[in-house]
K.L.:
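Once you've had a glance at the structure underneath, I'll fire off some questions.
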Amino acid sequence: MVEHQAHILDSVFHALGDATRRRMLRALAEGERTVGQLAQPFAISLAAASKHIKALEAAGLIRREVRGRTHLCRLAPAPLARAHQWLAFYEGFWTTRLDVLDQLLREEDARPTPAPEGDA
């Protein structure tokens, strides 16, 4: 089970590691798109767009439905939720560390400043 979860996260982070795929996901968050519509904002061929879409599909981030000759893609957000859960641990880790740093800085600012030597 743990290895399966690790494989899913590896696929998700691999898919999210490319700016074109992230922008495609952003577009799909607004609604379903055809492969052509997903490729349109980029200077890429339909074949290149299809490779990006296959990476997103492999990660489970999108679902593709074929209607005749039209391929419609839609967002499948469940793997993003798993990635978010994984990242939440580190969010908590850093929040705790930054809270400690904030407290130390406040304590330092609250300390009286010693007078410079020779000012008697």
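All values derive from a computational prediction rather than experimental measurement.
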K.L.:
Does the side chain of L28 reach to within under 4.5 Å of the side chain of L38, using non-hydrogen atoms?
P.N.:
yes
K.L.:
For the pair D18 and R22, find out whether any cationic side-chain nitrogen is under 4.0 Å from an anionic carboxylate oxygen.
P.N.:
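R22 and D18: not salt-bridged.
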K.L.:
Using side chain to side chain contact (heavy atoms under 4.5 Å, CB included) as the criterion, list what pairs up with E107, not counting sequence neighbours.
P.N.:
Q103, L104
K.L.:
Side chain to side chain donor-acceptor pair (under 3.5 Å) with R69: which residues, sequence neighbours excluded?
P.N.:
none
K.L.:
When the side chains of residues 46-61 are checked against the rest of the protein, which donor-acceptor pairs come out under 3.5 Å, sequence neighbours left out?
P.N.:
unit_1	atom_1	unit_2	atom_2	d
H52	ND1	R21	NH1	3.2
E57	OE1	R64	NE	3.4
E57	OE1	R64	NH2	2.7
E57	OE2	R64	NE	3.2

K.L.:
Under a single-linkage definition using a 4.5 Å side-chain heavy-atom cutoff for Ile, Leu, Val, Met, Phe, Trp and Tyr, are L72 and M24 assigned to the same hydrophobic cluster?
P.N.:
no
K.L.:
Checking E108 now: which residues fulfil side chain to side chain donor-acceptor pair (under 3.5 Å) with it, not counting sequence neighbours?
P.N.:
none
K.L.:
Cut-off 3.5 Å, no hydrogens considered: what does the side-chain donor-acceptor table look like for residues 86-100, sequence neighbours left out?
P.N.:
unit_1	atom_1	unit_2	atom_2	d
T95	OG1	E91	O	2.7
T96	OG1	G92	O	2.9

K.L.:
Give me each pair satisfying ring-ring contact (aromatic ring centres under 6.0 Å, His included) with a member in residues 59-83, each pair once, sequence neighbours excluded.
P.N.:
none
K.L.:
Closest approach of A76 and P79, non-hydrogen atoms and distance?
P.N.:
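So the two residues come closest at O-CD, 3.3 Å.
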K.L.:
Who passes side chain to side chain contact (heavy atoms under 4.5 Å, CB included) against R74, sequence neighbours left out?
P.N.:
E32, R63, E65, R67
K.L.:
Can I get a per-line list of side-chain donor-acceptor pairs under 3.5 Å for residues 109-116, giving both atom names and the distance, sequence neighbours left out?
P.N.:
none

K.L.:
If you take all heavy atoms of I44 and A39, which pair is closest and at what distance?
P.N.:
CG1-O, 4.2 Å
K.L.:
Quick check for you: to the nearest 0.5 Å, what is the distance between R33 atom CZ and I62 atom CD1?
P.N.:
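Answer for the CZ-CD1 pair, R33 versus I62, is 12.5 Å.
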K.L.:
Hey, does C73 have a side-chain heavy atom less than 4.5 Å from the side chain of T34?
P.N.:
no
K.L.:
On a heavy-atom basis, which atom in L9 and which in A83 lie closest, and how many Å separate them?
P.N.:
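What the structure gives for the nearest pair is CD2-CA, 3.6 Å.
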